[in-house]
Protein chains: 2
Amino acid sequence: MSQNDIARIAEPQPELQLQQFLTYRLSRVQAKLNAQASRVLREHAGITLTQWRILALIGVEGLRRSADLSRHAALDKGMVSRNIKLLVAEGLVVAEGDDSDQRAQTLGLTGKGRQLVERTLPIMRKRQNLLRGALDAGELAVLYRALDKLELAAEAQDFD
Amino acid sequence: MSQNDIARIAEPQPELQLQQFLTYRLSRVQAKLNAQASRVLREHAGITLTQWRILALIGVEGLRRSADLSRHAALDKGMVSRNIKLLVAEGLVVAEGDDSDQRAQTLGLTGKGRQLVERTLPIMRKRQNLLRGALDAGELAVLYRALDKLELAAEAQDFD
DNA sequence: ATAAATTGGTTGACCCGTCAACTATAATGT
DNA sequence: ACATTATAGTTGACGGGTCAACCAATTTAT
C-alpha cells in the first residue's frame, strides 16, 4: 500500500470486464454497422437508415400498413409514424386512406420514391455481400446460436 | 399480379433481411443485456448502469480521474462528467482538486459509495457467471472472432 | 345490441449516447 | 521565452430509440 495507495474494494476483476466487454463489443459493432449504412444512405440517397428500412419494406417487401412495418421490422410505431410523415413531405411515399379500415392508411411509393429505391438497392446489396463475405457459414451459425443463448440468458429474472 | 397486386420493385430479398436481421439481433441482444443489468441495479442499488460502471471503475479498478474512466471504458467524457456530478450529489463519490494538475480532480468513493459497491458486487458477479455459463469456450471464441470480422467489414469505406 | 377490449396511428416526454464548443491548465516545440 | 498544441472537464444541442397517453375505428364477447 505504499506507492499505489488507492482504496480498492477488491482486486480488479477480469470477470467484470468480460461482461462489460461483451455488451461493449456488441454495441460497438452494431454502432459501426449502423454508421456505415447511415453514411452510405446519407451520401447516396439523402435519407436515414430508418427511412431506408421503411422504403424497402414498402417497395421491396410490399408492405402497405404502418403497423405491418412495426411488426415486421421491430420498429417503434411512433418512429414509423414520424418517418412516414417525413417521407410523404419529401414526396417519396404516398399515404391514402384505406377503404376497408378507416383507421388505417395504405402506403405506397411515389415514382420518385421508386426511383430512389431502385438506385439505392444495388449499393446496399453490395454492402450486404461485403458483410456476408466477412463470415463463413460456420461462423455465422455459431454467431446466431451464441446470440440466441445470450439473449435467453439476458432474459433471466431470477438469478438473484 | 391478380390477387396480390402490390407494386414491388424487386422480389423480397432474403439478403436484405439478413443484414437487417444481423444488426437487429445485435442491437436486441445488447438491449436486453443492458435492460437486465439496469433492472438489477435500479432495484438493488438505485443507480443506472453507467453509474455502476463508474463506481466499479473507481472502487474496483482503482481509477481516479475522469479521463481515465472515459478511456478505460469507452464512456463519453461528457457523460462521465454529468454522472460524476450526480454521484457526488448522492454522496457516493468524492471529487477533490488534484495538486499535481489543476485541471484534474481526484475521484474516490465515500463510505456510502464503498458500501454500495460491496453490496452490489456479488450480485453482479452472479449475473456475470450466468452469462458466461451460457456460452462454452468455443462459442465465445467464435463470437469474438465474428464480431471482429464484422467490425472490420463495417469500417470499409470503399465498397461503392 | 351494446359494452369491453383490441388495434391503427399520432403526439409528447424522456433517456442514452454522441458530438461540438468552450475554458482552463499543461506539455511541447523552436 | 513564447507560441503552439494537447489535455481535463463542463455544458449545450441533437438524433435515435422507448414508453405512455390519447383518439378514432373496429373487433369480440355477452
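Note on naming: letters A, B, ... go to the chains in the order of the sequence lines (proteins, then strands), and numbering restarts at 1 for each one.
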Student: Take atom CG of Asn83(A) and atom P of dG15(D), then tell me their distance rounded to the nearest Å.
Tutor: 12 Å
Student: Which is true for Asp98(B) with a 4.0 Å heavy-atom rule: it touches a base, it touches only sugar-phosphate, or it touches nothing?
Tutor: nothing
Student: Taking any heavy-atom pair under 4.0 Å as a contact, classify Ser70(A): base, sugar-phosphate, or nothing.
Tutor: nothing
Student: Would you kindly compare Gln105(A) and Ser100(B) by the position of their nearest DNA chain C nucleotide and give the one closer to the 5′ end?
Tutor: Gln105(A)
Student: Would you say Lys77(A) reaches dC19(D)'s phosphate, i.e. side-chain N/O to OP1/OP2 under 4.0 Å?
Tutor: no
Student: May I ask you to test the Leu107(B)-Leu69(B) pair for a side-chain heavy-atom distance under 4.5 Å?
Tutor: yes
Student: Between dT26(D), dG9(C), dC19(C), which nucleotide gets closest to the side-chain atoms of Asp76(B)?
Tutor: dC19(C)
Student: So, is Gln102(B) close to the dG9(D) phosphate, meaning a side-chain N or O under 4.0 Å from OP1 or OP2?
Tutor: no
Student: Does any non-hydrogen side-chain atom of Leu152(A) lie less than 4.5 Å from one of Asp148(A)?
Tutor: no
Student: As an exercise, state the distance from CZ of Arg119(A) to CE of Met124(A), rounded to the nearest 0.5 Å.
Tutor: 13.0 Å
Student: In whole angstrom, what separates Ile54(B)'s CD1 from dC16(C)'s P?
Tutor: 12 Å
Student: Between the base of dG12(D) and the side chain of Arg82(B), is there a donor-acceptor distance below 3.5 Å?
Tutor: yes
Student: Ile47(A) has an atom CD1; how far is it from atom C1' of dG16(D), in whole Å?
Tutor: 16 Å
Student: Specify the separation, in whole Å, of atom CG of Leu107(B) and atom P of dT10(D).
Tutor: 9 Å
Student: Any base atoms under 4.0 Å from Arg28(A), or only sugar-phosphate, or nothing? Heavy atoms, all strands.
Tutor: nothing
Student: Rounded to the nearest Å, what distance is computed from the CG atom of residue Leu49(A) to the C1' atom of nucleotide dG17(D)?
Tutor: 12 Å
Student: Just N and O in the side chain of Arg71(B): are any of them under 4.0 Å from OP1 or OP2 of dG9(D)?
Tutor: no
Student: Minimum heavy-atom separation for Gln36(A) and Ala153(B), please, with both atom names.
Tutor: NE2-O, 3.1 Å
Student: With heavy atoms under 4.0 Å as the rule, sort Thr48(A) into base, sugar-phosphate or nothing.
Tutor: sugar-phosphate
Student: Roughly how many Å is it from CZ in Arg103(B) to P in dA27(C), rounded to a whole number?
Tutor: 6 Å
Student: Select base, sugar-phosphate, or nothing to describe what Ser27(B) touches, counting heavy atoms under 4.0 Å on all strands.
Tutor: nothing
Student: In this structure, how many angstroms lie between the C1' atom of dA25(D) and the CZ atom of Arg65(A), rounded?
Tutor: 11 Å
Student: Just verifying a value: how many Å separate Glu118(A) CD and Gln115(A) CD, rounded to the nearest 0.5 Å?
Tutor: 7.5 Å
Student: Which value, rounded to the nearest 0.5 Å, describes the distance between Leu121(A) atom CG and Arg125(A) atom CZ?
Tutor: 4.0 Å
Student: Measure from NZ on Lys32(B) to C1' on dT18(D) and round the result to the nearest Å.
Tutor: 15 Å
Student: Looking at Ser81(A), I'd like to know whether one of its side-chain N or O atoms comes within less than 4.0 Å of OP1 or OP2 on dT10(C).
Tutor: yes
Student: What nucleic acid atoms does Asn34(A) come within less than 4.0 Å of, heavy atoms only: base, sugar-phosphate, or nothing?
Tutor: nothing
Student: Thr50(A) side chain N/O closer than 4.0 Å to the phosphate oxygens (OP1, OP2) of dG16(D)?
Tutor: no
Student: Taking for each residue the nucleotide of DNA chain D bearing the nearest heavy atom, is the 5' side occupied by Met79(B) or by Leu75(A)?
Tutor: Met79(B)
